[in-house]
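In the text below, chain A, chain B and the rest are named by the order of the sequence lines, each starting its count at 1.
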Number of protein chains: 2
Amino acid sequence: MSRGRGRPRKFDEVEVRQAIMHCFWAKGYTATSLDDLSKATGLVRPSLYAAFGGKEDIFLAAMNDFAARTRAYLTDKVPPEAHPRAALQAVFTAMLDLYQTDEGGRGCLVFSTATAEAPAHPEIRDKLQEQLAGSDHQFRRLLERHTPSAAAQSLDAAAVLAAATLHSIGLRARSGVPRPALDDFAASAARSIAALLAGSSGEECTG
Amino acid sequence: MSRGRGRPRKFDEVEVRQAIMHCFWAKGYTATSLDDLSKATGLVRPSLYAAFGGKEDIFLAAMNDFAARTRAYLTDKVPPEAHPRAALQAVFTAMLDLYQTDEGGRGCLVFSTATAEAPAHPEIRDKLQEQLAGSDHQFRRLLERHTPSAAAQSLDAAAVLAAATLHSIGLRARSGVPRPALDDFAASAARSIAALLAGSSGEECTG
DNA sequence: TATATTTTATACCGAATCGCATATTAATAT
DNA sequence: ATATTAATATGCGATTCGGTATAAAATATA
């Protein structure tokens, strides 16, 4: 589509974007140099600049790419109909898979990497805040789909706790906590939040 | 104490360490240059090196200083005897105060700044993991002091949820979420976690 | 006073940083 | 065939990076 008039590109854009994402994911924004990106993508520096703009533009795109990858993985792995606890468990487990790498735990590019840059880079901060609100919203929708009987306030409370759990999971994964401990953490949180939801909807408390 | 033999120092060590902490807190490890530290402390670069070692050593010390500051602030602000919900609320509110700055939300130096460096710097990663475990442990102790009747498993579950809430609070604060929203978040989490604890200890469910 | 010891000050090192200016190459449109 | 358009390749350039070598200054001890 739209094969322009000039010299055609020699690189596959999605591959390049993925390589960029992995660079930033591993080392963060500031510690990743344009030379790192150049080596990882095979693109020379001016080509990077021409195709994606400056370093900050490239990073903002990587944040979007990571979020898109997350959404795709989640819709693929979470069963559409399940009890809240099973749904939460499925989400957390999927995210744990996604937060891991061959070279060890990496956590979330957005929540564990962009955060450090927020005060100095307003655009990164704004996008981070936006994706933060997105995680709250997604959990809210997930829970209300699986527990329509719960009160709105309880749904909100459970959703933000679930989001907090996700943030903590990413943090722990990146700090090197071994996978079994992370699984325990996720299971415990899923059980707790589900119990909270069940308790507030009038049913009995079954921890 | 130990007024050495050579030329006396012209700087106050605790002031210098605090200035260093604020630099790293604002911009993170990589984005903070030794020149930044030099300007902020008034110490020239070789003096910094002689007094605290290389950049990574200085940062590790800043992580310790920040944690110490947090502990001091908490023991000062959290009432020794209170219901779990009030205790959690007090902790979260105190941390929200601590995570704020005249120039805006900064979150936690350790959880929101060192995290990005973890994969590339094993020593930073190890210290991060250690302080992560410390936050779990502290919440666990806080809760079991205020709810001795609860089962060990419930205490563990509530403690990690509380720690997760703290991590998320720091993340949100640094991403620019306004204080009232953070207060709501903290209050909701404190209420939920306390309810969880009350529910599992045999009492009725009072959301 | 003379020497030892510690801190500060100046200057410098090689390497790496981001960005861009300037060719050069390759494909299409006329 | 020629002009146009776009992408790649080469390389500069000013700055900044972390770290250090060397010398000057200030104190304690002998």
Student: Hey, is the side chain of A/R7 pairing donor to acceptor with the base of D/dT8 inside 3.5 Å?
Tutor: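 When only heavy-atom distances are counted, A/R7 does not reach the base of D/dT8 through any donor-acceptor pair under 3.5 Å.
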
Student: For a side chain to side chain contact (heavy atoms under 4.5 Å, CB included) check, start with the C-alpha distance between A/R172 and B/H167, then their side-chain angles and the critical distance, and finish with the verdict.
Tutor: CA-CA 10 Å; A/R172 290 165 195 268; B/H167 305 154; 3.5 Å; yes

Student: Would you mind reading off the distance between B/R45 atom CZ and D/dA21 atom P, rounded to a whole angstrom?
Tutor: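 Going from CZ in B/R45 over to P in D/dA21 covers 14 Å.
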
Student: Side chains of B/Q131 and B/S135: do they bring a donor and an acceptor to under 3.5 Å?
Tutor: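 B/Q131 vs B/S135: no donor-acceptor pair found between side chains.
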
Student: Can you say whether the rings of B/F66 and B/Y99 are parallel (under 30°), tilted (30 to 60°) or perpendicular (over 60°)?
Tutor: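 Geometry flag for B/Y99 against B/F66: parallel rings.
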
Student: Mind checking A/T30 for me? I need base, sugar-phosphate or nothing, with any heavy atom below 4.0 Å counting as a touch.
Tutor: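 Contact class for A/T30: none.
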
Student: Measure the distance from CG on A/D57 to P on C/dG19 and round it to the nearest whole Å.
Tutor: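 Rounding to the nearest Å, CG of A/D57 and P of C/dG19 are 9 Å apart.
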
Student: Could you please name the option among C/dT10, C/dC12, D/dA9 that lies closest to any side-chain atom of B/V44?
Tutor: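 Looking only at side-chain atoms, B/V44 lies closest to C/dT10.
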
Student: Assuming nearest nucleotide by heavy-atom distance, tell me which of B/G53 and B/G6 is located more 5' along DNA chain D.
Tutor: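 The residue whose closest nucleotide sits nearer the 5' end is B/G53.
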
Student: Does CD belonging to B/E130 count more than 12 external heavy atoms closer than 6.0 Å?
Tutor: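 Enclosed: over 12 neighbouring heavy atoms sit under 6.0 Å from CD of B/E130.
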
Student: Would you kindly compare B/G54 and A/L43 by the position of their nearest DNA chain D nucleotide and give the one closer to the 5′ end?
Tutor: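 By nearest-heavy-atom nucleotide position, the 5'-most residue is A/L43.
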
Student: Does B/T147 reach the main-chain N or O of B/A150 with its side chain, forming a donor-acceptor pair under 3.5 Å?
Tutor: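 Pair absent, no side-chain N/O of B/T147 close to backbone of B/A150.
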
Student: Quick one: which of D/dG19, D/dT10, D/dT8 gets closest to the side chain of A/P46?
Tutor: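 Per side-chain heavy atoms of A/P46, the pick is D/dT10.
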
Student: With no angle test and no hydrogens, is the base of D/dT5 tied to the side chain of A/R5 by a donor-acceptor pair under 3.5 Å?
Tutor: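 It does not, because no donor-acceptor pair links the side chain of A/R5 to the base of D/dT5 below 3.5 Å.
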
Student: Measure CG/B/L34 against P/D/dT20 and give the value in whole Å, please.
Tutor: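 My rounded result for the distance is 11 Å.
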
Student: Rounded to whole Å, please give me the gap between NZ in B/K55 and P in D/dC17.
Tutor: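 Nearest whole value for this atom pair: 8 Å.
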
Student: With a cut-off of 6.0 Å (strictly less than), are more than 12 heavy atoms of other residues, nucleotides or ligands near CZ of A/R69?
Tutor: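 Above 12, so yes.
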
Student: Check the distance between C/dA16's C1' and A/K27's NZ and give it to me in whole angstrom.
Tutor: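 Spelled out: NZ on A/K27 to C1' on C/dA16 is 11 Å.
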
Student: Identify, residue by residue, the members of residues 8-22 of chain A with a heavy atom below 4.0 Å from DNA chain C, and return them in order of residue number, or none.
Tutor: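 A/P8, in order of number.
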
Student: Roughly how far, to the nearest 0.5 Å, is the CZ atom of B/F92 from the OG1 atom of B/T165?
Tutor: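 Spacing of OG1 (B/T165) from CZ (B/F92) equals 4.5 Å.
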
Student: Determine: side-chain N/O of A/Y49 to OP1/OP2 of C/dC20, distance under 4.0 Å, yes or no.
Tutor: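 For C/dC20, OP1 or OP2 has a side-chain N or O of A/Y49 closer than 4.0 Å.
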
Student: Would you call the rings of B/F24 and B/F59 parallel, tilted or perpendicular, taking 30° and 60° as the class edges?
Tutor: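 Correct class here is perpendicular.
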
Student: Grab the CG-P distance between A/D36 and C/dA16 for me, whole Å please.
Tutor: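 After rounding, the reported distance stands at 11 Å.
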
Student: How many whole angstroms separate atom CG of A/D35 from atom P of D/dT16?
Tutor: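 So the two atoms are 18 Å apart, to the nearest Å.
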
Student: Whether B/S33 contacts D/dC17 is assessed here as follows: a side-chain N or O lying under 4.0 Å from the phosphate OP1 or OP2. Is that the case?
Tutor: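 Looking at the OP1 and OP2 atoms of D/dC17, one of them is under 4.0 Å from a side-chain N or O of B/S33.
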
Student: Does D/dA7 have OP1 or OP2 sitting under 4.0 Å from an N or O in the side chain of A/S47?
Tutor: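 No, no such contact exists.
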
Student: With sugar-phosphate meaning primed atoms plus P, OP1 and OP2, does B/S38 contact a base, only sugar-phosphate, or nothing at under 4.0 Å between heavy atoms?
Tutor: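 Touches nothing.
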
